[in-house]
Structures are given as structure tokens and as C-alpha cells.
Amino acid sequence: MRAELFFLLASATAAASTAAAGPTFEPRPMPSHQYTGGWEHFVGGGLAAFDCNADTLPDLFAAGGSTPAQLFMNTTSAPGGQLSYEIATADDLSLSGVIGAYPLDIDGDGLLDLAILRAGPDQLMQGLGNCRFAPFQDLGFESGGHWTTAFSATWEDGQSLPTLAFGTYVDRTNPDGPFEACDATLLYRPEGNRYAPAQRLEPGFCALSMLFTDWNRTGRADLRISNDRHYYVRGGQEQMWAMDAAPRLYTKDEGWARYSLWGMGIASRDISGDGFADVYLTSMGDQKFQVFDPEVPGPAYRDVTYGYGTTAHRPFTGGDGRPSTGWHAAFGDANNDGRDDIFVSKGNVEQMPDAAMKDPNNLLIQQPDGTFSEGAEAAGIATLARSRGAVFEDLNLDGQLDLAVVNRRADLELYENSGNDGNWLLVDLLAGAANSRAIGAVIEVEAAGRLHTREVTVGGGHAGGSAVAHHFGLGDADSLRVRVIWPDGSTGDWQQASVNQRISLSR
């Protein structure tokens with residue numbers, strides 16, 4: 001029996017047939033910030049969530065395009081209080097040309113740093129504590145004036161620094177562009193305590209999202225790239241690079257299926273329940289849900305979009321029936337019922353006449369039978385602004401996933417989730433040494449007869465990511481056990497834990 005069919009049948013048998021209750025979000029005030037600019041900022045607009053002042057509450061860093069980027073400090077009074085933010089942007093972060101950003105601990109000192117993507121030289125900013133940052137001085141990282149639109153990072157065996165991948169878009173220096181002028185992916189591998197010159201992974205097909213993922217659970221992360229068909233026009237496809245000593249593309253003979261779309265974002269989560277991460281890909285028109293096939297030796301994914309009800313291909317409200325344009329995607333349990341849902345930000349590129357201008361964001365609620373139903377309008381988050389990057393995380397630490405969304409030429413939006421009765425768990429990983437946040441680890445939570453599997457990654461989404469506590473919705477479960485498979489392959493013991501709390505697990 002096919003894996004996705006088995007999952008749907010098993011879910012329907014194990015759960016009640018009634019529809020899953022949706023969450024309720026309340027808008028909260030946010031200092032004004034917009035993602036603006038010309039052609040180079042039609043894409044991007046990323047948002048990063050991380051704690052930069054050690055008060056446990058996630059702060060936000062928002063790309064601005066031609067507007068300076070801004071850091072927003074979380075001023076919520078206490079965990080569980082009403083969400084609140086204020087601007088706290090130091091000069092070193094007030095950069096123009098910023099397309100997106102990803103938080104990670106590059107130097108292993110326990111403080112989160114930022115990889116900042118730009119139309120121009122990218123920046124690696126060192127976290128100094130108390131939300132202060134400065135450019136790294138001694139890493140040997142050199143960035144050209146690329147148009148950078150995607151990023152991911154992983155720790156390869158024996159390295160004290162992460163391997164960094166920057167996905168570039170159209171080569172702006174190509175006089176024959178922009179069509180068929182996609183630039184290369186730039187791979188920075190460390191040599192000791194510094195970075196070697198960038199390796200060019202070619203061909204490049206205008207990357208808009210990328211993710212290092214240990215897709216087959218063997219201990220090595222390979223690089224998946226989602227590419228924008230609008231500019232590679234023909235001959236291009238989605239890519240998966242095997243991180244050998246000399247990186248190479250996986251082939252059809254290894255299970256990698258040729259696939260072309262207007263790729264904007266990647267979300268990754270084990271939805272089928274087999275312990276392997278599945279993927280959701282945003283695009284112009286249909287959004288694609290692909291389930292990993294563990295029966296094929298190579299990286300094989302099967303499209304199950306229609307069977308799961310996750311196409312989200314046209315606006316569900318607003319009166320515009322033209323095709324949608326998806327950007328950021330994120331899995332998360334919005335109603336704490338023990339089943340992951342999917343958030344998708346939407347918005348026209350600029351004035352593309354074949355695509356919807358009134359294109360509301362989606363919140364696809366997973367039902368007891370494993371399929372998904374639209375819930376954004378009922379939840380109160382069906383904005384008609386041209387959305388881009390987003391954060392779908394627990395921002396006030398009350399066990400419920402909140403939402404922040406960057407919009408193009410419209411104000412950033414903040415929504416607080418409330419009213420869910422389901423139980424939950426927040427998990428922090430502390431690994432020590434170089435890879436302090438245990439990137440590449442797998443968290444397993446067993447509750448109410450179900451195993452939740454979570455790979456810890458840096459990358460994916462659209463131009464932004466999060467480094468916050470990992471949220472698990474648990475439904476009616478009143479007890480659980482949890483363990484971690486650490487990046488070096490060692491497996492921690494199962495530990496009993498209570499629901500509705502935040503826990504830290506150390507290597």
C-alpha cells in the first residue's frame with residue numbers, strides 16, 4: 001500500500017470524523033515597517049525570529065529592500081502576556097538592500113548570529129549580546145555583489161564552522177538577461193577556522209529557497225534547491241545536490257524526479273508519519289505537497305497535492321479568481337490538536353496580470369483524516385496585502401503558534417494566537433561546542449500513541465527562518481516522552497516529561 005494512502009486511512013481510523021477546530025488570531029500593534037523597492041525586491045522580504053537579548057522571548061529582524069532593515073525587540077511583559085514589540089535597530093543592522101536573513105550560531109559561542117541576504121554584498125553579522133551585532137572580522141568570508149535570494153547552512157563532519165549555501169537569482173551583469181541568466185549557487189565550506197573561497201554550484205536556475213536536509217537519515221545533509229521557472233525559462237528544474245567532497249547533482253537513476261515550477265519556498269516536516277521529512281513547495285499557481293518515498297534508495301518524492309487538499313491554487317476570498325502566488329511556507333500545529341498545519345503567505349509579484357492581486361494568505365488546517373482544509377479567514381489572518389516572508393512560531397511562549405508577516409509596500413502584520421485547548425511542548429536543544437544549536441539533530445516526541453519527528457535545520461521558507469524553541473502540539477495527550485538523535489548520530493535516552501511546559505535537552 002502506498003505510504004500516503006496508508007497514512008490517510010490510519011489517521012481516519014484513529015481519529016474522530018469531525019472537522020478539526022481552527023485557531024483564533026488577534027491582530028496586535030506593530031511599529032510600521034514595509035518591504036519596498038524596485039525589480040530587485042519583487043522577491044524576498046524575509047523575516048527572522050530569534051532571541052537576541054537572552055530574555056527567552058523571540059525577537060524579529062525584518063528585511064526592508066530599499067527601506068532599511070529593522071530589528072524588533074520582543075517587549076511582551078512575561079511569557080503568556082500580550083504580544084508587544086518595539087524597534088531596537090542598531091546601526092550595523094540598519095542596512096538597505098536586505099532581501100532576507102537567517103539566524104544561526106556561526107562561531108559556536110552560544111550567541112545567535114545573522115546571515116543577511118542582500119542585493120549586493122551579503123553580510124555575516126556576529127551576535128555580541130543584548131541585540132548588538134557587528135560584521136565578522138576573521139572568518140575569511142567574501143561576498144560579491146550578487147542578488148542573493150536563498151540560504152541554508154549545515155555542519156559537516158569534523159568542522160568547527162557551518163557550511164553555508166547562498167542561492168543567487170538573476171545575474172545582473174549579464175547583458176543578455178534577465179531571462180536564461182540565472183546565477184550560480186555559492187557554497188562556502190570551512191578550512192579550519194576560516195572559509196575557503198566560494199564553490200560555484202552550476203547550473204543555477206534562479207534559487208528562491210534552499211534547505212540542507214538529511215533526507216534519508218544517514219547523518220549527512222544534502223542541499224535541496226527550489227528554483228524560479230520564470231527566469232530559467234527552459235531546461236531547468238528543482239535540484240538536490242549530494243554533498244560529496246565535490247558536490248554533484250542527484251540524477252533520475254537515483255530516484256530524483258525532474259520537476260519544474262515557479263519555486264518560491266520550501267517547508268519540511270514529517271507529515272506521513274514514517275520518520276522521514278516530507279516537503280511543501282510554494283509556487284505560482286498550485287502549491288506542491290510531496291511525500292518522501294523510503295522504498296527508493298535515492299531522494300524520491302511523490303506529489304500528493306490533490307489527495308491531501310493542499311493545492312491552494314486560487315484565492316478563497318477577495319473576489320479575484322486568477323491563480324495565486326505563494327511565497328513563504330511553514331508547518332506548525334496552529335490549534336494544538338496534535339496534527340501539523342500549513343501556513344502559506346501569498347501576494348502578486350508586483351502587477352502580473354495573469355495572477356491574482358487580491359491573494360489572501362492560507363492556513364491549511366489538517367483534519368483527523370489527514371487531509372487539509374482552509375482556515376485562514378475564520379482564524380482572522382486572511383490579509384489581502386502582498387505578503388512575502390513570515391514567522392509562524394510561539395512568540396509569547398504560551399504554547400500557541402503566533403504569526404508575523406512581512407508585506408510588500410504594506411505594513412508588517414502581527415497576530416497573537418489564543419483560545420486553543422490542546423496541550424503542547426516547547427523544546428530547546430543545547431549541544432555545546434561548535435554546533436551549539438544541534439543543527440542536524442532529530443527530536444522525537446511520543447504522545448497519545450503518535451510519534452512526532454522533527455529535523456532541526458537552518459534554511460527553507462522564503463528568505464527568512466527561525467531559531468526558537470521547537471513547538472509540538474499534543475492534542476489531548478496528558479503525558480509524553482522525548483528523545484534526541486544528536487548530529488553525531490548518538491541517540492539520547494527516552495525521557496518522560498509533562499505537557500504544557502518548555503524544556504531544555506543538553507548533549
Side-chain angles (χ1 to χ4, degrees), residues 37-46 48 61 63-66 68-69 92-104 106-107 113-126 133-154 161-212 223 225-228 231-232 236 239 241 243 246-247 458-459 462-465:
W39 178 55
E40 292 170 325
H41 299 296
F42 287 178
V43 299
F61 179 72
S66 62
D92 283 318
L93 291 184
S94 185
L95 301 170
S96 61
V98 173
I99 284 173
Y102 289 82
L104 72 163
I106 295 173
D107 56 357
D113 312 305
L114 282 173
I116 299 179
L117 320 184
R118 302 178 70 210
D122 302 317
Q123 296 281 338
L124 298 183
M125 303 295 289
Q126 182 179 21
F133 293 83
F136 275 102
Q137 298 297 323
D138 301 316
L139 293 182
F141 174 81
E142 295 182 4
S143 172
H146 307 283
W147 183 359
T148 305
T149 48
F151 176 82
S152 191
T154 189
L161 291 172
T163 293
L164 310 175
F166 290 82
T168 61
Y169 202 46
V170 172
D171 181 357
R172 296 173 296 168
T173 66
N174 188 330
D176 298 324
F179 297 103
E180 301 184 56
C182 294
D183 212 343
T185 291
L186 303 178
L187 184 71
Y188 293 85
R189 277 176 152 165
E191 291 182 347
N193 60 359
R194 294 174 62 83
Y195 283 104
Q199 295 175 260
R200 293 177 63 84
L201 302 187
E202 295 177 301
F205 294 129
C206 289
L208 281 177
S209 188
M210 54 178 47
L211 181 67
F212 277 113
L223 182 63
I225 305 179
S226 193
N227 297 306
D228 184 5
Y231 285 114
Y232 67 66
Q239 295 170 302
W241 289 88
M243 285 294 106
V458 177
H462 182 72

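Predicted model, so just to flag it, every value in this text is computed and none were measured.
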(message) Contact between Leu95 and Pro68 at the side-chain level, heavy atoms closer than 4.5 Å - yes or no?
(response) no
(request) Check whether any side-chain heavy atom of Thr168 sits under 4.5 Å from a side-chain heavy atom of Trp147, and report yes or no. (result) no
(message) Is there a side-chain contact between Arg172 and Glu40 in this structure, where contact means two heavy atoms from C-beta onward sitting under 4.5 Å apart?
(response) yes
(message) Show, in sequence, the C-alpha distance, side-chain angles and deciding distance for Phe61 and Ile116, and conclude whether the side-chain contact (heavy atoms from CB on, under 4.5 Å) test is met.
(response) CA-CA 10 Å; Phe61 179 72; Ile116 299 179; 4.1 Å; yes
(request) To the nearest 0.5 angstrom, please state how far the OG atom of Ser96 sits from the NE2 atom of His41. (result) 7.5 Å
(message) Is the shortest side-chain heavy-atom distance between Asp107 and Asp113 below 4.5 Å?
(response) yes
(message) Please report the interatomic distance CG(Leu186) to CD(Glu142), rounded to the nearest 0.5 Å.
(response) 12.5 Å
(message) Nearest 0.5 angstrom please: Phe205 CZ to Cys182 SG, how far?
(response) 8.0 Å
(message) Other residues, nucleotides and ligands only: do more than 12 of their heavy atoms fall within 6.0 Å of CD on Glu202?
(response) yes
(request) Output the distance between atom CE (Met210) and atom OG1 (Thr149), rounded to the nearest 0.5 Å. (result) 7.5 Å
(request) Kindly state whether the ring of Phe141 and the ring of Phe166 have centres lying under 6.0 angstrom apart. (result) yes
(request) In sequence, state the C-alpha distance, the side-chain angles, and the governing distance for Arg200 and Thr185, and then conclude on side-chain contact (heavy atoms from CB on, under 4.5 Å). (result) CA-CA 6 Å; Arg200 293 177 63 84; Thr185 291; over 6 Å; no
(message) For a quick test of reading the model, state the closest non-hydrogen atom pair linking Tyr195 to Pro162 and the distance between them.
(response) OH-O, 2.6 Å
(request) Identify the heavy atoms of Gly464 and Tyr102 that sit nearest to each other, and give their distance. (result) N-OH, 3.1 Å
(message) Does any part of the side chain of Leu223, heavy atoms only, come nearer than 4.5 Å to the side chain of Gln239, both counted from C-beta?
(response) no
(request) Look up atom CZ in Phe136 and atom CG in Leu161, then write down how far apart they are to the nearest 0.5 Å. (result) 8.5 Å
(message) Restricting to non-hydrogen atoms, name the atom on Pro103 and the atom on Ala48 that form the minimum distance, rounded to 0.1 Å.
(response) CD-CB, 3.8 Å
(request) Examine the side chains of Tyr169 and Asp183 and answer whether a donor and an acceptor come within less than 3.5 Å of each other. (result) no
(message) Using side-chain contact (heavy atoms from CB on, under 4.5 Å), reason through Asn227 and Tyr232 one step at a time and then give a plain yes or no.
(response) CA-CA 8 Å; Asn227 297 306; Tyr232 67 66; 3.6 Å; yes
(request) Locate the shortest heavy-atom distance separating Gly459 from Ser152; write the atom from each residue and the value. (result) CA-OG, 3.9 Å
(message) Working to the nearest 0.5 angstrom, can you tell me the gap between Leu114 CG and Ile106 CD1?
(response) 8.0 Å
(message) Within the structure provided, determine whether Thr148 and Ile99 are in side-chain contact (heavy-atom separation under 4.5 Å).
(response) no
(request) Mind running side-chain contact (heavy atoms from CB on, under 4.5 Å) on Val98 and Leu117 for me, showing each step along the way? (result) CA-CA 6 Å; Val98 173; Leu117 320 184; over 6 Å; no
(message) When you compare the side chain of Val458 with that of Leu211, does any pair of heavy atoms fall below 4.5 Å?
(response) no
(request) Report yes or no: does Ser143 contribute a side-chain atom to a donor-acceptor pair with the main-chain N or O of Pro121 at less than 3.5 Å? (result) no
(request) Compare all side-chain heavy atoms of Gln123 with those of Pro135 and state whether any distance is below 4.5 angstrom. (result) yes
(message) On a heavy-atom basis, which atom in Pro203 and which in Trp241 lie closest, and how many Å separate them?
(response) O-CZ2, 4.2 Å
(request) State, to 0.1 Å, how close Tyr188 and Ala196 come at their nearest heavy-atom pair, and which atoms those are. (result) CD2-O, 3.9 Å
